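To start, the structure itself, in structure tokens.
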Amino acid sequence: MRRKRLQTNDPHIQALARIVGGENSILYKKEDLIAYDCDGFTVHRHLPKAVVFPKNTEEVAAVVKYCHEHDLPFLARGAGTGLSGGAIPLNGEVIISLVRMKRLISVDLENRRAVVEPGFVNLKLTNSISDRGYYYAPDPSSQYCCTIGGNVAENAGGAHCLKYGVTTNHILGLEFVLPNGEIIEIGKNGIPDPPGYDLIGLLTGSEGTLGIVTKITVRILKNPEAKQTVLAYFDRVEDASQAVSDIISAGMVPAALEMMDQTAIEGVEAAAFPVGHPKDIEALLLIEVDGISAGISEQIEEILRICRNRNVREVKVAQTEEERARWWANRKTGFGAMGAISPDYLVQD
Ligand SMILES: Cc1cc2nc3c(=O)[nH]c(=O)nc-3n(C[C@H](O)[C@H](O)[C@H](O)COP(=O)(O)OP(=O)(O)OC[C@H]3O[C@@H](n4cnc5c(N)ncnc54)[C@H](O)[C@@H]3O)c2cc1C
């Protein structure tokens, strides 16, 4: 196949293109770069110098090495859903996009782990193993599009992190490229809590400042035997908040315990998955308990009692998996839903 010629004389762009395999793996024209001028934090916008799309660790390392040797600033980018501005090219960086490194490399059910490339989309992991009774616990609301590499960099959490923890609790091993281009592996054998410094903990949440993650070994979990979800409507935020405290002080750790206030409810009801929540309540709680079947209905009874004690207007338990899924789909549109009721929205995440 004949390679297309680059329409630029910039020697750095020509060199980077050679590293990643030519014109189809690099963007450098202004009209192409505009899509990369910010991430989910849209307040500041700056054009990158170029965007490269490496296909493997060696190409990532070679790009980083080139940038290091030529004093070119660079940054990693997954799906660009980050809300803290980490993928914004403030200094005309070369963006190293990991979206072409999107393979599920292996699944080891016996040892409850999977190995993925950084561009692998979060939800795809659970979708790939759910028919065998397993799932990947960290569930940021952006999970249908954000990448596991981006989750590692942001130490992403989700609705179920109350019981199951955030990304760092589910990472067993990492391969990454240091800022000088060297490739390093930590947690190579995927053993939880190995002796020595907690380097995985250090890397997870470092927002790409310590290295670019190129391979991730994650913990996968067996689906809980039972799961029940409660939806509670409150006239006053104070009552909903007090119910949350009561549930925790009763010694329960729900899998999820989420509150939405009136503005959030207005947004999600105007978005893709309306449930029919009343518009005149101040707050709702979405409470999920899971685990072994024994004891689940007692926990649900206790939660219903606590909500009633705190003047709940209406409280109900999901009757079907469809109903439960609808409630969650509604909740998970919370961020994007603001676009349905407001021209702009700034999150202090
Ligand atoms: C609608 C919506 C809902 C959200 N809900 C949640 C939520 O519930 N919980 C939550 O925690 N976050 C949430 N977020 C924020 C965001 O989705 C997460 O931070 C996610 O982890 C970012 O992943 P990404 O692939 O989009 O990363 P990007 O936005 O592309 O990058 C984020 C940061 O990670 C770095 N990075 C990306 N890939 C790598 C890599 N391979 N190696 C090293 N550094 C890398 C980037 O340089 C940047 O600093 C939400 C965002 C949106 C838009």
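Atoms within each ligand, like the ligands themselves, are counted from 1 in listed order. Note that the coordinates shown come from a computational prediction; the quantities given were computed from them, not determined experimentally.
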- Item | Leu75 N/O under 3.5 Å from ligand 1 N/O | no
- Message: Counting C-beta onward and ignoring hydrogens, is there a side-chain heavy-atom pair between Val60 and Leu98 closer than 4.5 Å?
- Response: yes
- Query: Is there a heavy atom of Ala159 sitting under 4.0 angstrom from any atom of ligand 1?
  - Reply: no
Report all side-chain donor-acceptor pairs from residues 266-280 shorter than 3.5 Å, counting only partners two or more places apart or in another chain.
from, atom 1, to, atom 2, distance (Å)
Glu269, OE1, Val275, N, 3.4
Glu269, OE1, Gly276, N, 2.8
Glu269, OE1, His277, N, 3.4
Glu269, OE2, Val275, N, 2.9
Glu269, OE2, Gly276, N, 3.4
Glu269, OE2, Asn330, ND2, 3.2
His277, ND1, Tyr233, OH, 2.8
His277, NE2, Asn330, OD1, 3.1
Asp280, OD1, Arg313, NH1, 3.1
Asp280, OD1, Arg313, NH2, 3.4
Asp280, OD2, Arg313, NH2, 3.2

Exercise answer: donor-acceptor pairs, residues 211-222 side-chain atoms, under 3.5 Å, sequence neighbours excluded:
from, atom 1, to, atom 2, distance (Å)
Thr214, OG1, Glu175, O, 3.2
Thr214, OG1, Glu175, OE1, 2.7
Arg219, NE, Asn169, O, 3.2
Arg219, NH2, Asn169, O, 3.4

- Message: In this structure, does ligand 1 have an atom that sits under 4.0 Å from one of the heavy atoms of Gly40?
- Response: no
- Item | Ile212-ligand 1 polar pair, N/O distance under 3.5 Å | no
- Taking atom types as modelled, find out whether Asp139 and His160 have a side-chain donor-acceptor pair closer than 3.5 angstrom. yes
- Purely on distance, is any nitrogen or oxygen of Pro140 under 3.5 Å from one on ligand 1? no
- Does Ser142 reach ligand 1 with a nitrogen or oxygen that is under 3.5 Å from one of the ligand's nitrogen or oxygen atoms? yes
- Task: Answer yes or no: does an N/O atom from Asn155 fall short of 3.5 Å to an N/O atom of ligand 1?
- Result: no
- Item | Subset of ligand 1 atoms that lie under 4.0 Å from at least one heavy atom of Gly208 | 43 (C), 44 (N)
- Item | Aromatic ring pairing His44/Phe41, orientation class (parallel under 30°, perpendicular over 60°, tilted between) | tilted
- Message: Which of the numbered atoms in ligand 1 are under 4.0 angstrom from any heavy atom belonging to Gly150?
- Response: 21 (O), 23 (O), 24 (P), 25 (O), 27 (O), 37 (C), 38 (N)
- Does Leu98 reach ligand 1, in the sense of a heavy atom lying below 4.0 Å from it? yes
- Query: Would you say ligand 1 has an N or O under 3.5 Å from any N or O of Thr81?
  - Reply: yes
- Option set Glu207, Glu93, Glu154, Lys332, criterion heavy-atom distance to atom 32 (C) of ligand 1, minimum: Glu154
- Please say whether Gly157 places an N or O atom under 3.5 Å from an N or O atom belonging to ligand 1. yes
- Note on the structure: Within 4.0 Å of some non-hydrogen atom of Ala153, the atoms of ligand 1 are 34 (O), 35 (C), 36 (N), 44 (N), 45 (C)
- Number the atoms of ligand 1 from 1 as they appear, then name those within less than 4.0 Å of a heavy atom of Arg77, with their elements. 30 (O)
- Where ligand 1 meets Pro118 - atom numbers and elements under 4.0 angstrom, heavy-atom basis: 41 (N)
- Message: Hydrogens and angles aside, do Tyr66 and His12 bring a side-chain donor and acceptor to less than 3.5 Å of each other?
- Response: yes
- Flag Ala76 as yes when one of its N or O atoms lies below 3.5 Å from any N or O atom of ligand 1, and as no otherwise. yes
- Note on the structure: The atoms of ligand 1 lying under 4.0 Å from a heavy atom of Gly78, numbered in the order shown, are 25 (O), 28 (P), 30 (O), 37 (C), 38 (N)
- Within 4.0 Å of some non-hydrogen atom of Gly211, the atoms of ligand 1 are 43 (C)
- Message: Give the atom numbers and elements of ligand 1 that come within less than 4.0 Å of a heavy atom of Asn151.
- Response: 20 (C), 21 (O)
